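Beneath this line is the structure, given in structure tokens, with notes to follow.
Note that the coordinates shown come from a computational prediction; the quantities given were computed from them, not determined experimentally. Scope of the values below: all heavy atoms of this structure, side chains included, with no hydrogens, waters or symmetry mates.
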Amino acid sequence: MPKSLRTLLLFIGLFVGSAASANAFTIQEVTSPGGIKAWLVEEHAIPLMAMNYSFKGGTELEPAGKEGVSSFLTGMMDEGAGDMLSAEFQKKRDELAFRMSFDAGSDFFEGGFQTLTKNRDASTDLLRLAITAPRFDAEPLDRVRQQFLLNVKDKEQDPPTMAWQAWMDEILPGDPYSRPDDGTEATIAAITADDLKDAHRHIFNRDTLQVAVVGDITAKELGPLLDKVFGGLPEKAPEQPRLPEAKPAMGPKLKVIERDMPQSVIAFGTEGIKRDDPDFIPAFVMSEILGSGGLTSLLSEEIREKRGLTYGVSYGLSPMDRVGLYAGSLQTKNESAGEALDAAREVIKKYAEEGPTQKDLDEAKTFLTGSYALRFSSNGAIANQLLGIQQQNLGIDYVQKRNALVEAVTLDQVKAQARRLLHPDRLIVTVVGRPQGVK
């Protein structure tokens, strides 16, 4: 699935907490002496600190012909920094046993960092260098390029990736969201060190920085550390044009990509809503009942359990910065592709007309509120979720109030969102395989 659709997984994962801490831990807003803000959860039982952070602007802002440069940049961030060449930097990183990762999504460029308390000062010295002064030397650049070229080649032949990419091309034709996040063989082959420097200059800045920190560090200690790591970044990035709202195409549309394989991979969906929609929570609960609830969803019950046509089917909201989508997928034998797709349309149509029962709604609420406390499984997981809450402007009190928002959803609200968002007659469908009976 393209990263531009991975937001769906984020929103399923956002409603999280540790079994004992969903309402117990305190989120502090810390402001460094230099004015950098972060959310902090102190946890001193384990001598470990996790920090997740992001900058606004991801793959959608890449220049034409440079698609994949942001992802390429993620592979170069530990390949030397400052005066340290790649081998020396990585040797020091391994000695200090800290973790550093980067990810380029459609709307954000993200970083993750974890270190032992005893190595915190030395580890954050290297993180600062990586963020503020990465090197783009020829040897590691060519080596990382080959890795990305292999990755792109694999994805271009991966049926689920092909189906999702084709679906994005159909629903958002020509929009930057529909471009492959990792670029193409041609664009990756053409990216230069100057392109990577330019991407770094446009991404890394204090103005769009958001930070979440969890673990063995106090607010007093965190302030100077924020200035140390991020204070050397420019205040603002070079100005870039604001992209307009994306305009999803209207279905019905069907595209089949013929491949000689025993199963068909089907992606389907329509326009959805963004996260700032005032009815997002009722819409989320509605989509959970229909298709996001795994094996317990209505789509799974009909297509998997009753008819045995697939091992799994999903259908859920995918909100992004400039557009909201409502996307789903399933895999089935070529011979049953038409039957499975028709069954999905029938379930969606009935749900749009009738909505769920009160029992369906009660069970969904019980699951969503009960599982909330089970997913803050580590310092890193908590930091990741807090960062997601910041990115979506949900407020520092969201963790405490989220369950109440779900509990307040009524049956009438869910039915209204089903009528509003479900349009089986307007589905855009892409299929990879040799499907039979698809229309």
Side-chain angles (χ1 to χ4, degrees), residues 3 6 9-10 13 16 18 25 30 36 38-55 58 70-82 84-105 108-135 140 143-144 147-148 151 182 200 203-204 209-218 221-222 224-230 232-233 375-391:
K3 292 171 190 169
R6 290 181 188 169
L9 302 180
L10 170 64
V16 296
S18 68
F25 65 68
V30 176
I36 298 172
W39 288 4
L40 168 66
V41 174
E42 294 188 37
E43 174 50 69
H44 300 285
I46 301 174
L48 178 73
M49 183 196 80
M51 178 165 64
N52 284 48
Y53 55 92
S54 71
F55 304 91
S70 302
S71 292
F72 201 149
L73 182 61
T74 67
M76 294 297 298
M77 297 298 292
D78 66 347
E79 294 288 348
M84 303 177 70
L85 298 178
S86 175
E88 182 185 0
F89 184 95
Q90 294 182 1
K91 180 174 183 291
K92 188 66 174 176
R93 178 199 62 193
D94 293 344
E95 289 174 352
L96 294 170
F98 71 87
R99 297 179 182 178
M100 182 175 71
S101 63
F102 298 89
D103 182 71
F108 296 95
F109 188 99
E110 299 181 359
F113 175 78
Q114 296 185 34
T115 182
L116 295 170
T117 301
K118 66 178 182 179
N119 296 335
R120 187 171 66 207
D121 289 343
S123 297
T124 50
D125 282 341
L126 262 67
L127 178 63
R128 173 185 58 82
L129 278 178
I131 288 174
T132 58
R135 300 175 65 98
R143 170 165 43 79
V144 172
Q147 296 169 357
F148 273 90
N151 182 54
D182 292 328
H200 179 270
I203 290 171
F204 286 79
L209 172 66
Q210 293 176 304
V211 187
V213 179
V214 180
D216 187 26
I217 187 170
T218 66
E221 293 168 328
L222 178 58
L225 184 142
L226 293 171
D227 285 340
K228 169 185 170 181
V229 174
F230 302 108
L233 294 174
R375 308 227 186 134
F376 274 117
S377 58
S378 66
N379 287 356
I382 298 170
N384 185 54
Q385 302 309 319
L386 294 184
L387 180 64
I389 293 171
Q390 290 184 62
Q391 290 171 344

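Asn379 contributes atom CG, which lies 6.5 Å from atom CD1 of Ile46 (distance to the nearest 0.5 angstrom). Here the CE-CZ distance, from Met76 to Phe102, works out to 12.0 Å after rounding to the nearest 0.5 Å. The structure places CZ of Arg128 at 12.5 Å from CG of Asp227, a figure rounded to the nearest 0.5 Å. Annotation: the span from Glu42 atom CD to Met49 atom CE amounts to 12.5 Å, rounded to 0.5 Å. If you take CG on Leu387 and CD1 on Ile382, they are separated by 13.5 Å, rounding to the nearest 0.5 Å.
Gln210 contributes no side-chain N or O that, together with a main-chain N or O of Ala212, makes up a donor-acceptor pair within less than 3.5 Å. Side-chain N or O atoms of Asn119 include one that pairs as donor or acceptor with a backbone N or O of Leu96 at under 3.5 Å. A donor-acceptor contact shorter than 3.5 Å is absent between the side chain of Glu43 and the backbone of Val214. Listed for the Arg120 side chain is a donor-acceptor partner under 3.5 Å among the backbone atoms of Asp216. The backbone N or O of Gly82 lies less than 3.5 Å from a partner atom in the side chain of Arg135, making a donor-acceptor pair. Side-chain atoms of Gln114 never come within 3.5 Å of backbone atoms of Leu48 as a donor-acceptor pair (strictly under, hydrogens ignored). When atom types are taken as modelled, the side chain of Lys228 and the backbone of Asp121 share a donor-acceptor pair closer than 3.5 angstrom.
Scanning all heavy atoms of the two residues, the minimum distance from Ser71 to Ala104 falls at N-CB, 3.8 Å. Considering every non-hydrogen atom in both Met77 and Leu73, the closest pair reads CG-O, 3.1 Å. In plain terms, the two heavy atoms of Ile203 and Ser70 that are nearest each other are CD1-OG, 4.1 Å. Here the shortest heavy-atom pairing between Phe113 and Ser123 reads CZ-CB, 3.7 Å.
For Lys91, the salt bridge (Lys or Arg N to Asp or Glu O under 4.0 Å) criterion is met by Glu95, not counting sequence neighbours. When the side chain to side chain contact (heavy atoms under 4.5 Å, CB included) test is applied to Pro224, no partner is found at least two apart in sequence or on another chain. Listed by chain and residue number, Phe55, Ile131, Thr132, Phe204, Arg206, Phe230 satisfy the side chain to side chain contact (heavy atoms under 4.5 Å, CB included) test with Leu233 (two or more places apart in sequence, or in another chain).
Around atom CZ of Arg143, more than 12 heavy atoms belonging to other residues, nucleotides or ligands sit under 6.0 Å away.
No side-chain donor from either of Glu110 and Ser54 sits under 3.5 Å from a side-chain acceptor of the other.
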In sequence, state the C-alpha distance, the side-chain angles, and the governing distance for Leu40 and Ile217, and then conclude on side chain to side chain contact (heavy atoms under 4.5 Å, CB included). CA-CA 9 Å; Leu40 168 66; Ile217 187 170; 3.9 Å; yes

What do the steps show when you test Phe89 against Glu79 for side chain to side chain contact (heavy atoms under 4.5 Å, CB included), and what is the final call? CA-CA 7 Å; Phe89 184 95; Glu79 294 288 348; over 6 Å; no

Just do the side chain to side chain contact (heavy atoms under 4.5 Å, CB included) check on Leu226 and Tyr53 with the steps written out, would you? CA-CA 11 Å; Leu226 293 171; Tyr53 55 92; over 6 Å; no

Set out, in order, the CA-CA distance, both residues' side-chain angles and the distance that settles side chain to side chain contact (heavy atoms under 4.5 Å, CB included) for Thr218 and His44, then state yes or no. CA-CA 9 Å; Thr218 66; His44 300 285; 4.0 Å; yes

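No side-chain heavy atom of Phe108 sits under 4.5 Å from any side-chain heavy atom of Asp103.
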